[in-house]
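Keep in mind the model is a prediction, meaning the values are calculated, not measured. Positions are given from 1 along the sequence.
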Amino acid sequence: MATFEELVAEGDAVPLDGWDFSWFEGRATEQRPSWGYARLIGQRSSTVDSMLDVQTGGGEVLATIPRAPAALAATESWPPNLAVARRNLEPLGGKVVEAPDEGPLPFPDASFELVVSRLPTVTIWPEIARVLRPGGSYLSQQVGAGTMRELTDFMMGPQPVSQVRSTDRAREEAEAAGLTVVDLRHESLRAEFFDVGAVVHFLRKVLWTVPGFTVDGYRDRLRAMHEHIAEHGSFVAHSQRFLVEARREV
């Protein structure tokens with residue numbers, strides 16, 4: 001059995017580039033939403049001639065589509081991810097452009113028939129509406145309100161649940177941008193951590209769970225987490241996910 005210090009050091013040393021969670025295999029699990037986001041965008045990509053992936057990360061999910069449309073583009077804000085995304089999307093002929101998460105999107109009006117985004121840090125609805133063609137759609141899997149709140153509360157103490165990421169807020173902002181919401185689904189999904197090193201890596205990678213997280217700043221709570229896992233076998237939390245599809249009417 002690895003010691004507390006060894007596990008924490010291991011979780012603190014894992015590179016953060018890309019959006020690949022394969023390191024967690026055997027150390028943490030998370031249920032997947034029933035709608036199958038990767039499958040959905042794979043189906044849609046074969047029916048359009050232009051597609052944009054906003055905040056693509058390392059392009060890992062977009063790279064799974066079976067057929068790329070004639071025009072395929074992606075945006076990413078974090079420089080270490082840009083090289084990963086360009087490497088992953090080169091076989092599809094995808095163009096990866098550096099752009100801030102908060103916008104603007106560096107494309108002309110009505111450029112894309114389909115815009116997608118998986119777990120965006122922020123959804124810039126007016127920009128999405130602007131770059132969509134009439135009749136085009138935005139399809140996105142997003143983080144819901146109160147996601148992983150058990151982990152947040154364990155590390156920080158009880159915290160209020162912001163509604164910034166609620167489904168109601170998504171609908172309101174999409175409609176305010178002139179889009180019509182045609183699908184909106186929410187699921188609560190079980191997540192389980194089997195060692196404190198996995199918790200450390202998760203908190204470093206998913207920054208909004210414990211804002212400002214550092215190992216030194218939270219060492220006491222990490223030790224308490226280590227003891228909790230030793231006693232109970234794991235730490236259980238729940239991620240919140242929703243799927244939203246919004247259309248620009250003709």
Fill in: Cation-aromatic face contact Lys205/Phe24, 6.0 Å, 45 degrees
no
Worksheet item: Counting N and O atoms only, with roles assigned by atom type, does the side chain of Ser50 sit under 3.5 Å from a partner on the main chain of Glu113, one being a donor and the other an acceptor?
Response: yes
Discussion item. Is the ring pair Phe4/His226 parallel, tilted or perpendicular, if the boundaries are 30 and 60 degrees?
Written reply: tilted
Worksheet item: Given the rule in the side chain to side chain contact (heavy atoms under 4.5 Å, CB included) test, do Arg219 and Glu5 qualify, once you have shown the distances and angles that lead to the verdict?
Response: CA-CA 10 Å; Arg219 188 170 293 274; Glu5 294 295 345; 3.0 Å; yes
Item to complete: Any chance you could measure Phe112, atom CZ, to Leu105, atom CG, to the nearest 0.5 Å?
Response: 8.5 Å
Practice prompt. Determine the minimum heavy-atom distance between Ala85 and Gly59, stating which atoms define it.
Written response: CB-N, 4.0 Å
Practice prompt. Show the numbers, then the answer: is there a side chain to side chain contact (heavy atoms under 4.5 Å, CB included) between Thr167 and Val244?
Written response: CA-CA 8 Å; Thr167 53; Val244 58; over 6 Å; no
Practice prompt. Answer whether the closest heavy-atom distance between the side chains of Met155 and Leu151 falls below 4.5 Å.
Written response: yes
Item to complete: May I ask you to check whether Gln159 and Thr152 show a side-chain donor-acceptor distance below 3.5 Å?
Response: no
Worksheet item: Do Asp220 and Arg223 have side-chain heavy atoms sitting under 4.5 Å apart?
Response: no
Discussion item. Strictly distance-based, threshold 3.5 Å: is any side-chain N or O of Glu127 a donor or acceptor partner for the main-chain N or O of Ile124?
Written reply: no
Practice prompt. Decide yes or no for Glu192 and Arg190: does some side-chain heavy atom of the first lie under 4.5 Å from some side-chain heavy atom of the second?
Written response: yes
Worksheet item: Do you see a donor-acceptor pair shorter than 3.5 Å between the side chains of Asn81 and Glu76?
Response: yes
Worksheet item: Which atoms form the tightest heavy-atom contact between Phe242 and Leu184, and what is the distance?
Response: CD1-CD1, 3.9 Å
Item to complete: Would you indicate whether the side-chain heavy atoms of Ile41 and Leu139 approach each other to under 4.5 Å?
Response: yes
Worksheet item: Under 30°, 30 to 60°, or over 60°: which ring-plane class applies to His232 and His228, parallel, tilted or perpendicular?
Response: tilted
Discussion item. As a test of understanding, state which of Ile65, Asp53, Thr64, Leu72 forms a side chain to side chain contact (heavy atoms under 4.5 Å, CB included) with Ser45.
Written reply: Ile65
Worksheet item: Is the shortest distance from a Lys or Arg side-chain nitrogen in Arg241 or Glu30 to a carboxylate oxygen in the other one below 4.0 Å?
Response: yes
Practice prompt. Supply the atom-to-atom distance Arg86 CZ to Lys95 NZ, rounded to the nearest 0.5 angstrom.
Written response: 10.0 Å
Discussion item. Main chain of Gly58, side chain of Thr56: is a donor-acceptor contact present, judged purely on distance under 3.5 Å?
Written reply: no
Worksheet item: Within 45° of the axis and under 6.0 Å from the centre of the six-membered ring of Phe154, does NZ or CZ of Arg221 qualify?
Response: yes
Item to complete: Would you kindly confirm whether Phe193 and Met225 end up in one hydrophobic cluster when ILVMFWY residues are joined by side chain heavy atoms under 4.5 Å apart?
Response: yes
Item to complete: In plain terms, say whether Arg171 and Asp168 are close enough for a salt bridge, that is, a side-chain N and a carboxylate O under 4.0 Å apart.
Response: no
Worksheet item: How many angstroms lie between atom OG of Ser137 and atom CG of Leu132, to the nearest 0.5 angstrom?
Response: 7.0 Å
Practice prompt. Check the side chains of Gln142 and Ser140 for a donor-acceptor pair under 3.5 angstrom, ignoring hydrogens and angles.
Written response: yes
Practice prompt. Mind checking the CG-CE spacing from Leu189 to Met148? Nearest 0.5 Å is all I need.
Written response: 10.5 Å
Worksheet item: Nearest 0.5 Å, what's the CG-CD distance between Leu82 and Glu98?
Response: 5.0 Å
Worksheet item: Given Ser77 and Thr75, is the side chain to side chain contact (heavy atoms under 4.5 Å, CB included) satisfied, shown in steps?
Response: CA-CA 7 Å; Ser77 64; Thr75 67; over 6 Å; no
Worksheet item: Taking C-beta and beyond as the side chain, do Val161 and Gln163 meet within less than 4.5 Å on heavy atoms?
Response: yes
Fill in: Salt bridge flag under 4.0 Å for residues Arg27 and Glu10
yes
Discussion item. Checking side-chain polar atoms at under 3.5 Å, does Glu249 have a donor or acceptor matched by the opposite partner on Thr180?
Written reply: yes
Fill in: Minimum heavy-atom distance between Met156 and Tyr218, given as atom pair plus value
CG-OH, 3.9 Å
Fill in: Cluster link Leu40 to Val181, ILVMFWY, side chain under 4.5 Å
no
Response to the item:
Here the gap from Ser239 atom OG to Gln31 atom CD, rounded to the nearest 0.5 Å, amounts to 8.0 Å
Fill in: Which atom of Ser34 lies closest to which atom of Arg39, heavy atoms considered
O-NH2, 4.4 Å
Worksheet item: Any link between Val199 and Val215 through a network of hydrophobic side chains (Ile, Leu, Val, Met, Phe, Trp, Tyr) touching at under 4.5 Å?
Response: yes
Worksheet item: Do any N or O atoms from the side chain of Arg67 and from the backbone of Ser46 form a donor-acceptor pair under 3.5 angstrom?
Response: yes
Practice prompt. Give the cluster check for Leu179 versus Leu114: same hydrophobic cluster or not, with ILVMFWY residues linked at side-chain heavy-atom distances below 4.5 Å.
Written response: no
Discussion item. When you group the ILVMFWY residues by side-chain heavy-atom contacts below 4.5 Å and let the links chain together, are Trp208 and Val122 in the same group?
Written reply: no
Worksheet entry | Minimum-distance pair of heavy atoms, taken over all atoms of Phe194 and Gly26 | CD1-O, 4.3 Å
Fill in: Shortest non-hydrogen contact from Arg165 toward Val143
CB-O, 3.4 Å
Practice prompt. Taking only Lys NZ, Arg NE, NH1 and NH2, and the carboxylate oxygens of Asp or Glu, determine whether Glu187 and Arg32 approach each other closer than 4.0 Å.
Written response: no
Worksheet item: Do Gln55 and Ser117 have side-chain atoms, one donor and one acceptor, less than 3.5 Å apart?
Response: no
Practice prompt. For Val116 and Tyr37, run side chain to side chain contact (heavy atoms under 4.5 Å, CB included): C-alpha distance rounded to whole Å, both residues' side-chain angles, the deciding distance at 0.1 Å, then the answer.
Written response: CA-CA 10 Å; Val116 301; Tyr37 174 78; 3.5 Å; yes
Worksheet entry | Lys/Arg N to Asp/Glu carboxylate O, Glu245 vs Arg44, below 4.0 Å | yes
Discussion item. Less than 4.0 angstrom from a charged side-chain N to a carboxylate O is my criterion; do Arg133 and Asp109 meet it?
Written reply: no
Worksheet entry | Short N-O contact, Glu173 and Arg169, less than 4.0 angstrom | yes
